[in-house]
Amino acid sequence: MTNAQVARIFAEVADILEILGENPYRVQAYRRAAQIIENLTEDIVDLARRDELEKIPGIGASIAQKVKEIVATGRLKQHEELKAKIPPGLLEMLQIPGMGPKKVLLVYKRLGIDSVQKLEEAAKAGRLRGLPGMGAKTEQNILRGIQLLRSTRGRLPLGIALPAANKIVAELKELPQVERITTAGSLRRMKETIGDIDILITSPDPKPVMDRFVSMPMVKEVLAHGTTKSSVIIDAGTQVDLRVVPPESFGAAQQYFTGSKDHNIRLRELAIKKGLKINEYGVFKADTGERLAGEHEEEMYAALDMPWIPPEMRENWGEIEAALEGRLP
DNA sequence: TAGACTGCGCATGCGG
DNA sequence: CCGCATGCGC
DNA sequence: GTCTA
């Protein structure tokens, strides 16, 4: 039994519970556990044998018990029982961008649709419109989502993503309406593979920038086109998000969207302990709301009494403690 | 052992 | 036509 | 479901 196999079981449990309308935080707990187990460097079977599962943050008594069951028997009773409650095709449908648990359950209950195949046929035949909350537009979006699911590959190697991102940044830089511009996310952290490309800008007049962004030649699909946020899929099959942020929050947004998520959570906790509040808009005093930082990323860390941490190190592997003690390499 | 767990922008449909 | 609620995604 | 106060 590998970590990936165990992770997959919990991920499926999360998906099924979500379709069944369970408490979202419970769903999130399973999903997070799956993620944690998948990214574990140690063998989950060893950890189970040594009874050290609960030492892992995010794994509590309940999940630890279930991991033991999986390791011992090769399966999870709860998982089998849940699987019996819904057709397997519903989980596939959940993978379609734009199809969430509510829509999946809606089309299943009302039309008996239990596979991506059937969903596609129904959408093409115009049988989805008329369902509450669904019109012709939603139908088209679902068809587009199915195409997207079929064409979209997994995470993109940095070697492919970086040149693509650089090209987009270079193109946007040409526009006079673009003031500051940066990448964020796993790309900026230089991870080996990246899930999507995040770009942040400040601009006094975002509309032309957004218009140019969604009409770049490499753009395959436009998922959203607003004045502060737009999302597209480029030919490499990767999603690119462009966000316009206020100049005084640029550093905060850069910090926030660069992540990692775990790094940000640790920073937030630290901020709270210092009587501060940190979010994508800046660092603020918790009591008065006075703004302490936000325009530049370096100030964000300075406001927490620590040196700027290079993006590559922001993984919550001890870099925050190191920074606080001034022993950052 | 009770309460928190981010909260906001976009797209869409609904209802006034 | 416009404001509001909902679903979705992050 | 997990964590914290």
Side-chain angles (χ1 to χ4, degrees), chain A residues 10-11 13-37 53-67 76 78 82 93-107 128-142 144-145 148-149 152 184-186 194-200 206 210 214 221-233 239-246 249 252-253 255-262 264-269 271-273 277-281 284:
Chain A
F10 287 122
V13 168
D15 283 348
I16 299 171
L17 289 175
E18 190 171 34
I19 290 175
L20 294 176
E22 252 291 350
N23 180 333
Y25 295 111
R26 192 173 165 223
V27 172
Q28 196 182 22
Y30 276 105
R31 199 158 278 153
R32 192 182 312 143
Q35 194 79 16
I36 290 166
I37 291 169
L53 293 167
E54 285 187 62
K55 288 184 182 171
I56 305 167
I59 310 276
S62 174
I63 297 215
Q65 179 53 49
K66 292 171 205 280
V67 170
L76 180 65
Q78 176 200 23
L82 285 172
M93 286 162 57
L94 199 57
Q95 305 307 310
I96 300 168
M99 283 294 286
K102 297 287 197 303
K103 287 204 185 82
V104 167
L105 196 63
L106 180 72
V107 298
L128 298 181
R129 66 189 74 180
L131 260 48
M134 289 195 157
K137 195 94 180 183
T138 308
E139 227 163 37
Q140 289 312 304
N141 283 344
I142 287 172
R144 207 174 57 175
L148 212 56
L149 179 67
T152 279
S186 53
I194 63 115
D196 54 26
I197 297 174
D198 296 305
I199 300 172
L200 307 177
M210 289 308 201
V214 300
E221 294 281 349
V222 179
L223 301 178
H225 183 184
T227 54
T228 64
K229 190 181 122 183
S230 293
S231 302
V232 301
I233 303 282
Q239 181 168 334
V240 185
D241 295 338
L242 177 63
R243 290 184 153 83
V244 181
V245 302
S249 298
Q255 194 289 315
Y256 180 82
F257 288 110
T258 295
S260 68
K261 195 167 209 161
D262 291 337
N264 287 353
I265 290 172
R266 287 281 291 119
L267 273 192
R268 277 209 294 273
E269 284 171 6
I272 290 169
K273 281 188 188 135
K277 191 163 77 87
I278 177 169
N279 57 26
E280 63 199 280
Y281 305 109
F284 305 88

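Per chain, numbering begins at 1; letters A, B, ... match sequence-line order. Remember, predicted model here, so these are calculated numbers, not experimental data.
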If you only use heavy atoms from C-beta on, which nucleotide in C/dG7, B/dT6, B/dT12 is closest to the side chain of A/N141? B/dT12
Side chain of A/K229 (C-beta onward), nearest among B/dT12, C/dG7, B/dG9: B/dG9
Indicate yes or no for a side-chain donor-acceptor contact from A/S186 to the backbone of A/I194 under 3.5 Å, with no hydrogens or angles considered. no
Closest nucleotide among B/dG13, B/dA11, C/dG7 to the A/K137 side chain: B/dG13
Check the distance between C/dA5's C1' and A/M134's CE and give it to me in whole angstrom. 16 Å
Which is more 5' along DNA chain B, the nucleotide nearest A/Q28 or the one nearest A/G130? Just name the residue. A/Q28
Output the rounded distance in Å from CG (A/D196) to P (C/dC10). 7 Å
Report the residue from A/K102, A/R31, A/R26 that forms a salt bridge (Lys or Arg N to Asp or Glu O under 4.0 Å) with A/E18. A/R31
For D/dT2, does the base pair up with any side-chain atom of A/Y30 as donor and acceptor (N or O, under 3.5 Å, distance only)? no
Out of B/dT6, D/dG1, B/dG9, which has the shortest distance to the side chain of A/N23? D/dG1
Taking D/dG1, B/dT12, C/dG7 as options, the one with an atom nearest any side-chain atom of A/K102 is C/dG7
Rounded distance in Å - CD (A/E54) to C1' (D/dG1): 12 Å
Shortest non-hydrogen separation from A/M93 to A/V107 and the atoms involved: CE-CG2, 3.5 Å
For atom CG of A/D15 and atom P of C/dG9, their distance in whole Å: 11 Å
With P as the reference atom in both, quote the distance from D/dG1 to B/dG9 in angstrom, rounded to an integer. 33 Å
Candidates C/dC8, B/dG13, C/dC10 - which lies nearest the side chain of A/Q239: C/dC10
Counting side-chain heavy atoms from C-beta on, which of D/dG1, B/dG9, C/dG7 comes nearest to A/R26? D/dG1
Strand partner of B/dT12, provided both Watson-Crick or wobble distances fall under 3.5 Å: C/dA5
May I ask you to say what A/Y256 touches in the nucleic acid, namely base, sugar-phosphate or nothing, with a heavy-atom cut-off under 4.0 Å? base
Please report the shortest heavy-atom distance between A/D198 and A/G185, naming the atom on each side. OD2-CA, 3.7 Å
What are the two closest heavy atoms between A/F10 and A/A34, and how far apart are they? CB-CB, 3.9 Å
With the side chain of A/T138 defined as its heavy atoms from C-beta on, choose the nearest nucleotide among B/dT12, B/dC10, B/dA11. B/dT12
Separation of atom CD in A/E269 from atom C1' in B/dC5, rounded to whole Å: 12 Å
Pick base, sugar-phosphate or nothing for A/A14, based on heavy-atom distances below 4.0 Å to the nucleic acid. nothing
Could you give the distance separating B/dC5 and C/dG9 at their P atoms, to the nearest angstrom? 23 Å
Pick the nucleotide of DNA chain B nearest each of A/Y25 and A/G133; which residue has the one closer to the 5' end? A/Y25
For A/D262 and D/dC3, what is the distance between atoms CG and C1' respectively, to the nearest whole Å? 14 Å
Remember a base hit wins even if backbone is also touched, and classify A/P57 as base, sugar-phosphate or nothing at under 4.0 Å, heavy atoms. sugar-phosphate
What is the distance from CZ of A/R243 to P of B/dG9, rounded to the nearest Å? 10 Å
Main-chain N/O of A/R129 paired to A/E139 side chain as donor or acceptor, under 3.5 Å: yes
Which value, in whole Å, describes the distance between the P atoms of nucleotides B/dT6 and D/dT4? 14 Å
Taking atom C1' of B/dG7 as reference, at what distance in whole Å does atom CG of A/N264 sit? 14 Å
